[in-house]
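Here is the structure we will look at.
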Amino acid sequence: MLDLGFVRENLELVRQALRNRGLAEGLEDFEEIDRERRKFLVEAEGRKARRNKVSDEIANLKKQKQDATSLIAEMKELGKEIQELDEKAKGFDAQLRDLLANIPNIPHASVPVGRGAQDNQEVRRWGEPRKFDFEPKAHWDLGPALGILDFDRAAKIAGARFAVYRGVGAKLERALANFMLDVHVREHGYTEVLPPFLVNSASLYGTGNLPKFAGDLFKLEGTDYWLIPTAEVPVTNLLRDEVLEAEELPVKYCAWTACFRSEAGSYGKETRGIIRQHQFQKVELVKFTLPETSYDELEALTRDAETILQQLGLPYRVVVLSTGDMGFASAKTYDLEVWLPSSGEYKEISSCSNFEAFQARRANLRFRRGGKGKTEHLHTLNGSGLAIGRTWLALIENYQQADGSVLIPEALRPYLDGLERIVRPPEAPKR
RNA sequence: GGAGGGAUGGGUGAGCGGUUGAAACCGGCGGUCUUGAAAACCGCUGUGGGGGAAACUCCACCGGGGGUUCGAAUCCCCCUCCCUCCGCCA
C-alpha cells in the first residue's frame with residue numbers, strides 16, 4: 001500500500017506509475033473521495049470537540065449538585081448529528097482505503113518501462129546450454145519412463161495440475177529441498193523457519209495478495225484459512241505489528257513450504273508436465289532490511305538464489321522485469337530463468353523482488369534507529385531460492401542421457417546416498 | 001467440543017462511568033553532580049488522522065467489531081487470540 005499523504009501530494013507521479021504498468025487508471029475518484037472524507041471528518045470532529053467540552057461541564061455541574069438537564073438534552077441532539085457525520089466519514093474512509101489497497105507499488109526508477117514480458121531485459125547469463133547429440137526429451141516423457149513421476153494416478157486422486165513423485169523421484173524432490181536450505185543457512189546466513197501452510201486473511205492482506213487476488217488462492221470453505229501461495233506470506237507476516245531495532249537488520253529467513261495456487265485464468269497454459277501445478281514446493285528467501293540498503297540486499301538475495309543453480313550446474317539467465325510484467329507489490333523484480341532443453345528456452349525458476357515499504361505499510365512492519373525516535377517502515381524483499389519442482393524438471397531435462405538415464409550433479413549426491421545416476425528400468429514399474 | 005480466566009503504551013503492570021492519553025516501575029533521551037563513568041536526583045519520552053505558514057490546536061486509539069450513555073479503558077453483546085481444566089486426537 002502506498003502512503004496516503006504521498007499519493008495526495010504526488011498524484012501525477014502515481015498515475016504515471018500506473019500507466020507504466022499498463023493499467024487503466026484507478027485513481028479517477030481519488031481527489032473527490034479524499035475531499036469528501038475530510039469534509040465530513042472536520043464536521044464530525046468539531047462536534048466531538050464540543051461534546052467533550054460540554055461533558056466536562058456536565059460532570060462539574062453534577063459534582064456541585066446542580067441541574068444539567070438542558071445541556072444533556074442538547075448533547076443528545078449533538079450525539080445524533082455526530083453519529084450521522086461519522087457514518088458518512090467512515091464510508092468515504094472505507095472507499096479511500098479500498099482504493100489505496102488496490103493500487104500497486106510504484107516501480108523503481110531503474111526498472112525498464114514496458115508493456116509486458118517481451119520488454120524484460122536480460123541482465124546476465126551463466127553457463128552454456130548443453131549441445132545434445134540426440135533429441136532431448138521433455139520431463140513429462142522422461143519422468144514416467146523412469147518410474148519417478150506419475151500423472152495418471154495424480155489425476156485420479158486429485159485432478160489436473162497435480163503430480164505424484166515416486167521412488168527416486170520423491171527422494172530427489174526431498175534432496176533438493178535439503179540441499180537448498182543447507183546452502184542458504186550455511187553459506188548465506190539465513191535462519192531456517194518452518195511456517196504454517198495455512199494463513200488468515202490478514203496475512204494475505206499484508207503481502208498484497210488480498211483483496212485483489214483472492215481468485216488465485218485456495219480458501220478452506222467456511223473458515224478464514226487460506227492455503228499459502230508461497231512462503232512469502234507466512235514468513236513476511238512473522239514480524240507483523242512488531243518494532244525492530246535498526247541494529248537487528250537485516251533479518252534473513254529461509255523457508256521450505258508447499259505452495260498452493262488455483263491457477264485460475266491459466267487454462268490451456270503449460271498443461272503438460274509439472275511446470276504449472278496447483279501444489280508445488282519451494283524454498284523461499286525473505287529479508288527485512290533498512291530502507292537505504294534494500295537495493296543492495298536485492299542484489300545479494302538474487303546472487304544467493306543464483307548460487308543454487310550454479311552449484312547444480314544448470315545454465316540460466318537473469319532478467320529484470322519491465323513495469324508491465326512486475327507483480328502488484330514489487331518495486332523491482334529480477335527473474336532467474338533456467339535453461340530447458342526440451343523447449344529450447346529459458347524458463348522462470350525464481351523471482352526476486354524488493355517491495356520497499358509497500359508490504360511494510362500493509363503489515364505494519366517497523367523499526368527504530370538507536371532505540372529511540374520515530375518508528376519507520378522497514379523494507380521487505382523475497383525471492384525463490386528456488387522453486388523445487390521446476391529445479392527437479394530442469395535437472396532431469398538438462399542431465400538426461402541418450403539411454404534415458406539421468407546423471408546426478410556432484411553437489412546433490414550426498415543428499416541421495418551417493419547416487420550418481422537415475423537409471424531407466426527395462427519397463428516402467430507398474431506400482 | 002465443554003467450563004473458567006485473561007488481552008492496557010518499547011517492556012512489566014495499575015486503573016470507583018466524568019481533568020485517565022492513561023498511575024507506578026523498567027527501558028530510552030536530556031540535564032544536575034563527577035576528572036570520566038556509575039550511583040543518586042530532576043525533566044522529557046505512544047501511534048494515527050484533521051486544521052494551521054507557524055506557534056499551536058482538535059479528533060480518534062487501552063485485542064477487533066457492535067451497543068447502552070450527555071459522557072466508556074471501565075457496563076452489555078458478538079468475534080479473535082492467549083492461559084488453566086475436561087473431552088477427543090496425529
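Letters A, B, ... mirror the listed sequences (proteins, then strands); counts begin at 1. Values below: every heavy atom of this structure, side chains too, minus hydrogens, waters and symmetry copies.
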Can you tell me how far [atom1] in [N] sits from the matching atom in [M], rounded to whole Å?
N	M	atom1	result
B:G4	B:A90	P	28 Å
B:G15	B:G65	P	25 Å
B:A3	B:U8	C1'	26 Å
B:G31	B:A53	P	35 Å
B:G30	B:A37	P	12 Å
B:C81	B:G13	P	22 Å
B:U20	B:C56	C1'	23 Å
B:C77	B:G9	P	24 Å

Mate of [N] where both pairing distances stay under 3.5 Å, Watson-Crick or G-U:
N	result
B:G27	B:U45
B:U74	none
B:A3	B:U84
B:C56	B:G51
B:C62	none
B:G36	none
B:G9	none
B:A22	none

Less than 4.0 Å between a side-chain N and a carboxylate O, is that true for [Y] and [X]?
X	Y	value
A:Glu84	A:Arg47	no
A:Asp86	A:Lys90	no
A:Glu410	A:Arg413	yes
A:Glu263	A:Arg276	yes
A:Glu36	A:Lys39	yes

So what does [X] hit on the nucleic acid, given a heavy-atom distance under 4.0 Å: a base, only sugar-phosphate, or nothing?
X	answer
A:Leu4	sugar-phosphate
A:Asn52	sugar-phosphate
A:Val42	sugar-phosphate
A:Lys39	nothing
A:Arg37	sugar-phosphate
A:Arg8	sugar-phosphate

- Task: Would you check if the side chain of A:Glu397 reaches a backbone N or O of A:Ala394 as a donor-acceptor pair within less than 3.5 Å?
- Result: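 Looks like no, no N/O pair under 3.5 Å.
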- For A:Arg166 and A:Arg431, indicate whether the former's side chain and the latter's backbone hold a donor-acceptor pair under 3.5 Å.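 Indeed, once roles are kept as given, a pair shorter than 3.5 Å links the two residues.
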- Message: From C-beta outward on A:Lys48, which listed nucleotide comes closest to its side chain: B:G18, B:C58, B:A60?
- Response: B:A60
- Counting side-chain heavy atoms from CB outward, which of B:G66, B:G71, B:C58 is closest to A:Arg51?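 Among the listed nucleotides, the one closest to the side chain of A:Arg51 is B:G71.
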Whole Å only: how far is the [atom1] atom of [X] from the [atom2] atom of [N]?
X	N	atom1	atom2	answer
A:Arg47	B:G50	CZ	C1'	15 Å
A:Lys80	B:U69	NZ	C1'	13 Å
A:Glu74	B:C70	CD	P	13 Å
A:Leu61	B:G71	CG	C1'	13 Å
A:Leu41	B:G48	CG	P	16 Å
A:Glu376	B:G10	CD	P	16 Å
A:Arg366	B:G9	CZ	C1'	11 Å
A:Asp241	B:U47	CG	P	15 Å

Phosphate OP1/OP2 of [N] contacted by [X] side-chain N/O (<4.0 Å):
X	N	value
A:Arg38	B:G51	yes
A:Lys53	B:C59	no
A:Lys76	B:C70	yes

- Task: Report the residue (A:Leu71 or A:Glu87) whose heavy-atom-nearest nucleotide on RNA chain B is the more 5′ of the two.
- Result: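 It is A:Glu87, whose closest nucleotide lies nearer the 5' terminus.
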- Starting at the 5' end of RNA chain B and moving along, which residue's nearest nucleotide shows up first, A:Ala59 or A:Arg50?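 Nearest-nucleotide comparison on RNA chain B picks A:Ala59.
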- Would you check if there is a donor-acceptor pair between the side chains of A:Asp150 and A:Tyr165 at a distance under 3.5 Å? no
- Look at the side chain of A:Glu45 against the base of B:G49 and say whether a donor-acceptor pair falls under 3.5 Å; ignore hydrogens and angles.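 Yes.
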